[in-house]
Amino acid sequence: MNIKPKNFEGYQGFKEYLKQEANLVYKPAFITLTYQCQCRCKHCGVGLFRKKNVIKLTTIEVKNLILDQLQECGLNMAYFFGGEPTLHKDLLELIRYSTKKGLYTRFDTNGLKLVDKDFVKAIKDAGITFVVVSLDSINPEVHDRFRGMKGSWKSAVQAIKNCAEMDIQVRISTVVTKQSLKSGDTKKVIQLGKDLGVSKIRLLTPLMVGRWYKKEEIRLSKEEIEELWSLLKPDFVFWEGLCDGTVPFVCASSARWVVAITAYGDVQPCCYSPIRFGNVREERLKNITDRMWKSSYFKRIDQMIERKNMIDCPMNDENFRSKILKLTEGKHEYPADYDESVFKDE
């Protein structure tokens, strides 16, 4: 694809822009608090990471091993994740702790718990000013089927309204599938977001991760990605978190602005990557992120950006994912340990 971004001279110019603006953006740690969830989403990106015989991080460990160490890593946001983070028994305590440490604090949600206005008030009182609600169709039946939970569409819409009423900034996150593009459903979700008064809409492509790890048929074609581009609107409709149609696509993980930590303490390049670079129970977080961001994994991604080969998530790139598949093949638990030699021929 030949996307010419405004105000930049190709990808090298964009990389320079990233360096210059690095201190002006949110740099989140996606912290998985639990793999519990009321839904059973067809595309669940963390569906591979649940472990049977490993104890999840305690609330004290989340505070001491993650939240206390984020700023040392150059990260400024605690992004609570799941599963469904609102099901964690100490979510309010963690929001308060994170906020007091001066971290931007937010979470993704299916919206089911936010139907309760008392709960919405509680998260606001704890310090939340921003949430992201998943909404994948304007058709309740389509959304409910995709999320594997009857009534989830109604709850998501009500959650958005409740947050707006409580003056909590709310975004919609929607997965752009082949079907939603063809039917025009994604366009209608954007219009619904405008009508509901959301601050922004995040578009996500179908990723070959989690329950879709080996489902080639879900990946968007170049033509479909071009169509997705046509839906982007500056300051309102984003692809992932950085691309609003005025700059080339690059995910925040590729820009080294993101780290992800599983509910068991494994540190990943992003919340969906099936590999790990260490564990916060065994090593200081900064030691792990320093090693990770200097690794051949990120050097390979830099090459993809430089060669203008990054038109979607690296996990949807055939060559890149073939290397990662070598690390995970035959494994019974994810994420798998990273091996520096995997990109040695690149």
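- In this structure, D136 and V142 have side chains that are not in contact, with every pair of non-hydrogen atoms separated by 4.5 Å or more.
- For the pair R106 (side chain) and F130 (backbone), a donor-acceptor distance under 3.5 Å is absent.
- Under the side chain to side chain contact (heavy atoms under 4.5 Å, CB included) criterion, Q179 pairs with T177, sequence neighbours left out.
- Counting heavy atoms from C-beta on, the side chains of K326 and S322 never come closer than 4.5 Å.
- With 3.5 Å as the limit, one finds no donor-acceptor pair spanning the side chains of S273 and Q268.
- When atom types are taken as modelled, the side chain of E240 and the backbone of C313 share no donor-acceptor pair closer than 3.5 angstrom.
- Relative to the six-membered ring of Y97, K63 meets both conditions, a distance below 6.0 Å and an angle of at most 45° to the axis.
- S98 contributes no side-chain N or O that, together with a main-chain N or O of I95, makes up a donor-acceptor pair within less than 3.5 Å.
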(request) List the steps and the verdict of side chain to side chain donor-acceptor pair (under 3.5 Å) for N279 and E283. (result) CA-CA 6 Å; N279 189 286; E283 195 175 356; over 6 Å; no
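- Salt bridge annotation for E61-R281: present, with a cationic side-chain nitrogen under 4.0 angstrom from a carboxylate oxygen.
- When every heavy atom of T205 is checked against every heavy atom of L220, the shortest pair comes out as CG2-CD1, 3.9 Å.
- Remark: the T129 side chain and the Q169 side chain contain no N/O donor-acceptor pair separated by less than 3.5 Å.
- Summarising the local packing, CD of E141 is surrounded by 12 or fewer heavy atoms from other residues, nucleotides or ligands at distances under 6.0 Å.
- A salt bridge links E318 and R219; the closest N-O separation between the charged side-chain nitrogens and carboxylate oxygens is under 4.0 Å.
- The line from OG of S295 to CG of D290 is 11.5 Å long, rounded to the nearest 0.5 Å.
- When the side chain to side chain donor-acceptor pair (under 3.5 Å) test is applied to Y213, the partners found at least two apart in sequence or on another chain are T328.
- For residues 170-194, the set of pairs meeting the salt bridge (charged side-chain N to carboxylate O under 4.0 Å, His left out) definition, not counting sequence neighbours, comprises K178-E224.
- Each of T174, T186, L228, I190 was checked for a side chain to side chain contact (heavy atoms under 4.5 Å, CB included) with V237, and the lone residue meeting it is I190.
- Contacts classified as side-chain hydrogen bond (donor to acceptor under 3.5 Å, both in side chains) and involving residues 37-47 (residues at least two apart or in different chains) are given here: Q38-N110.
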(message) Between D317 and R321, does the salt bridge (Lys or Arg N to Asp or Glu O under 4.0 Å) criterion hold? Intermediate values first, please.
(response) CA-CA 6 Å; D317 179 85; R321 70 176 286 103; over 6 Å; no
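- The CG atom of L285 sits 11.0 Å away from the CG atom of D68 when rounded to the nearest 0.5 Å.
- By the 4.5 Å heavy-atom criterion applied to side chains, F107 and I123 are counted as neighbours.
- Between the side chains of R147 and S152, no donor-acceptor pair is found at a separation under 3.5 Å.
- Heavy atoms from other residues, nucleotides or ligands lying under 6.0 Å from NZ of K56 number 12 at most.
- Neither side chain, N139 nor R145, offers a donor N or O lying under 3.5 Å from an acceptor on the other.
- Exactly one residue among L135, L192, I172, L231 makes a side chain to side chain contact (heavy atoms under 4.5 Å, CB included) with I201. That residue is I172.
- A chain of hydrophobic side-chain contacts below 4.5 Å, direct or via other Ile, Leu, Val, Met, Phe, Trp or Tyr residues, connects V198 to I168.
- In terms of modelled atom types and a separation under 3.5 Å, the side chain of E340 and the main chain of S296 share a donor-acceptor contact.
- A salt bridge is absent between K52 and E333: the closest approach of a Lys/Arg side-chain nitrogen to an acidic carboxylate oxygen does not fall below 4.0 angstrom.
- Checking side-chain atoms of N76 against main-chain N and O of L103 turns up no donor-acceptor pair under 3.5 Å.
- In the hydrophobic clustering of this structure, V131 does not group with V175; members are Ile, Leu, Val, Met, Phe, Trp, Tyr whose side-chain heavy atoms approach within less than 4.5 Å, directly or through other members.
- In this structure, SG on C41 lies 7.0 Å from CZ on F146, to the nearest 0.5 angstrom.
- In this structure the side chain of L91 reaches within 4.5 angstrom of the side chain of F119, judged on heavy atoms.
- Rounded to the nearest 0.5 angstrom, C73 SG and I288 CD1 are separated by 8.5 Å.
- Side-chain atoms of I324 and M315, non-hydrogen and from C-beta on, do get closer than 4.5 Å to each other.
- One N or O on the side chain of N316 and one on the backbone of P206 form a donor-acceptor pair closer than 3.5 Å.
- Other residues, nucleotides and ligands contribute only 12 or fewer heavy atoms inside 6.0 Å of the NZ atom of K294.
- The shortest side-chain heavy-atom distance between M292 and V259 falls under the 4.5 Å cut-off.
- With rounding to the nearest 0.5 Å, the separation of CZ in R202 from SG in C243 is 14.0 Å.
- A donor-acceptor pair is defined here as one N or O able to donate and one able to accept, closer than 3.5 Å; no such pair exists between the side chain of T32 and the backbone of T34.
- I55 and L87 fall into different hydrophobic clusters, where Ile, Leu, Val, Met, Phe, Trp and Tyr side chains are chained together by heavy-atom contacts under 4.5 Å.
- Panel note: side chain D244, backbone L232; no donor-acceptor pair is recorded below 3.5 Å.
- For the residue pair I275 and P269, the shortest heavy atom distance occurs at O-CD, 3.7 Å.
- Inter-residue side-chain proximity for E84 and Q36 is flagged as unmet; no heavy-atom pair is nearer than 4.5 Å.
- Of the residues F80, F49, Y272, F81, the one that meets the ring-ring contact (aromatic ring centres under 6.0 Å, His included) test with F30 is F81.
- For R276 and Y264, the positive end is not near the middle of the six-membered ring at less than 6.0 Å and at most 45° from its axis.
- Residues satisfying the side chain to side chain donor-acceptor pair (under 3.5 Å) test with Y35, not counting sequence neighbours, are none.
- Donor-acceptor pairing under 3.5 Å is lacking for the side chains of D266 and Y334.
- With sequence neighbours excluded, the residues satisfying side chain to side chain contact (heavy atoms under 4.5 Å, CB included) with D339 are L327, S341.
- Ring centroid separation for the pair F320 and Y297 comes in under the 6.0 Å cut-off.
- The shortest distance between side-chain heavy atoms of K215 and V209 does not fall below 4.5 Å.
- For Y338 and F277, the distance between ring centers is under 6.0 angstrom.
- To the nearest 0.5 angstrom, S253 atom OG is 4.0 Å from F298 atom CZ.
- Hydrophobic clustering, with ILVMFWY side chains joined whenever heavy atoms are under 4.5 angstrom apart, keeps L196 apart from V115.
- Between the side chain of R211 and the backbone N or O of G47 there is no donor-acceptor pair closer than 3.5 Å.
- Judged purely by atom type and a 3.5 angstrom limit, S155 uses its side chain to pair as donor or acceptor with the backbone of G151.
- For D195, the CG atom sits in a packed shell: over 12 heavy atoms of surrounding residues, nucleotides or ligands are nearer than 6.0 Å.
- Hydrophobic clustering keeps V25 apart from F238 (ILVMFWY residues linked when any side-chain heavy atoms are closer than 4.5 Å, directly or through intermediates).
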